[in-house]
Amino acid sequence: MKFRLATWNINSVRLRLPLVERFVRAYRPDVLCLQEIKCVEEVFPLIPLQALGFPHIRINGQAGYHGVATLSRFPLEARGNENFCGSGQARHLAVAFDGGRVVVHNIYVPAGGDIPDPDENPKFKHKLTYLRALADWSACCAFGDQDRHILTGDFNVAPLENDVWSHKQLLKVVSHTPIEVEHLARLQKSGNWVDVIRRYVPEDEKLYTWWSYRARDWQSSNRGRRLDHIWTTPALADAVQSMLVVEEARGWQQPSDHVPVIADFDLA
DNA sequence: ATGGTTGCCAAGCAA
């Protein structure tokens with residue numbers, strides 16, 4: 001079985017429905033994980049997205065903030081929404097397809113506010129707590145050699161030096177602080193997760209999936225960060241055939257500040 | 001060092 005999986009922090013699915021349509025027509029993902037849909041299920045644009053070729057859609061929505069949805073051409077089985085660390089925010093959605101043989105966890109890790117100090121900034125504390133809860137959950141899953149899980153979404157952490165435009169200048173900027181990177185590393189170890197995107201771009205090369213709205217010209221300043229990730233359990237890692245970071249989407253009309261990230265799988 | 005933009009929903013918060 002072959003499938004193309006994409007993840008995209010859409011920053012309001014209702015506002016950017018035309019961009020989702022444009023992306024899907026051009027890149028034809030089979031499974032699309034959206035984050036920051038910023039709406040409840042009742043007002044999610046279900047009909048147009050089904051018409052776009054995704055009859056199977058699961059939503060974990062919230063009014064105004066956060067929220068994730070997973071769209072699929074294949075039938076999906078619900079696998080629950082974890083309420084990591086009990087915040088009550090809609091940040092996780094698990095589904096399975098291929099008769100339950102592939103599980104996709106769509107996550108939106110808290111951004112963490114501006115001050116990188118958990119004692120001063122409750123949002124940063126929440127981010128660290130959330131990442132610890134994810135690691136505990138992942139360790140608890142105790143994935144076996146044959147378990148095919150994908151952990152994808154907006155992790156809001158750029159772990160490697162070349163996942164940001166300037167490692168030195170971002171050491172105290174939330175998303176690239178050593179403590180967040182440590183927390184993400186612990187999560188990665190807890191499930192033996194493989195960062196499949198970085199397999200295609202050497203660690204000494206820059207790779208970004210997000211560019212701030214605040215730059216006058218995102219392209220020329222190119223101060224990006226790699227915040228969006230596709231991780232798999234080892235059983236799936238070698239099934240990945242290629243990947244793509246759809247940088248052009250940052251230049252589309254009224255864009256999200258994140259761009260889609262794609263991985264192509266072939267289950268031999 | 002600072003301020004820069006965007007979306008929700010109609011003021012200020014979250015990112």
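The analysis underlying the following values was restricted to heavy atoms, covering all of them including side chains, and did not include hydrogens, waters or symmetry mates. Each chain gets a letter, A, B and so on, in the order the sequences are listed, and its residues count up from 1.
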Grab the [atom1]-[atom2] distance between [X] and [N] for me, whole Å please.
X        : N      : atom1 : atom2 : value
A:Asp114 : B:dA1  : CG    : C1'   : 15 Å
A:Tyr213 : B:dA14 : OH    : P     : 18 Å
A:Gln35  : B:dG7  : CD    : P     : 17 Å
A:Tyr130 : B:dA15 : OH    : P     : 12 Å
A:Leu17  : B:dG7  : CG    : P     : 15 Å
A:Asn9   : B:dC8  : CG    : P     : 13 Å
A:Ile115 : B:dA15 : CD1   : P     : 14 Å
A:Tyr65  : B:dA11 : OH    : C1'   : 10 Å

May I ask you to say what A:Arg223 touches in the nucleic acid, namely base, sugar-phosphate or nothing, with a heavy-atom cut-off under 4.0 Å?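 Answer is nothing: A:Arg223 stays at 4.0 Å or more from every strand.
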
Could you check whether A:Arg91 gets within reach of a base, just the sugar-phosphate, or nothing at all, counting any heavy atom under 4.0 Å? sugar-phosphate

[X] and [Y]: aromatic ring centres closer than 6.0 Å?
X        : Y        : result
A:Tyr27  : A:Trp8   : no
A:Phe155 : A:Trp231 : yes
A:Tyr208 : A:Trp165 : no

Closest to side chain of [X], choosing from [options]:
X        : options              : value
A:Arg14  : B:dC9, B:dA15, B:dG7 : B:dC9
A:Lys123 : B:dC9, B:dT5, B:dA15 : B:dA15
A:Arg214 : B:dG7, B:dA14, B:dT5 : B:dT5

Please work out which of the three classes, parallel, tilted or perpendicular, describes the rings of A:Phe97 and A:Phe3, given edges at 30° and 60°.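 Rings of A:Phe3 and A:Phe97: perpendicular, as their planes differ by over 60°.
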
With nearest nucleotides of DNA chain B determined for A:Ser212 and A:Ala63 from heavy-atom distances, which residue corresponds to the more 5′ nucleotide? A:Ser212

First encountered from the 5' end of DNA chain B, between A:Arg216 and A:Gly64: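 In this pair, the answer is A:Arg216.
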
Check whether any side-chain heavy atom of A:His167 sits under 4.5 Å from a side-chain heavy atom of A:His176, and report yes or no. yes

Taking only N and O in the side chain of A:His258, is any of them less than 4.0 Å away from OP1 or OP2 of B:dA15?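 Checking A:His258 against B:dA15: no side-chain N or O falls below 4.0 Å of OP1 or OP2.
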
Answer yes or no: does a side-chain N or O of A:Gln254 lie under 4.0 Å from OP1 or OP2 of B:dG7?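 Looking at the OP1 and OP2 atoms of B:dG7, one of them is under 4.0 Å from a side-chain N or O of A:Gln254.
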
Could you work out the separation of [N] and [M] based on their [atom1] atoms and round it to a whole Å?
N      : M      : atom1 : value
B:dC9  : B:dT5  : P     : 22 Å
B:dG4  : B:dA15 : C1'   : 14 Å
B:dT6  : B:dA1  : P     : 26 Å
B:dA14 : B:dA10 : P     : 15 Å
B:dG7  : B:dG3  : P     : 23 Å

As a quick check of understanding, evaluate side chain to side chain contact (heavy atoms under 4.5 Å, CB included) for A:Ile107 and A:Thr152, giving each step before the final call. CA-CA 6 Å; A:Ile107 57 168; A:Thr152 187; over 6 Å; no

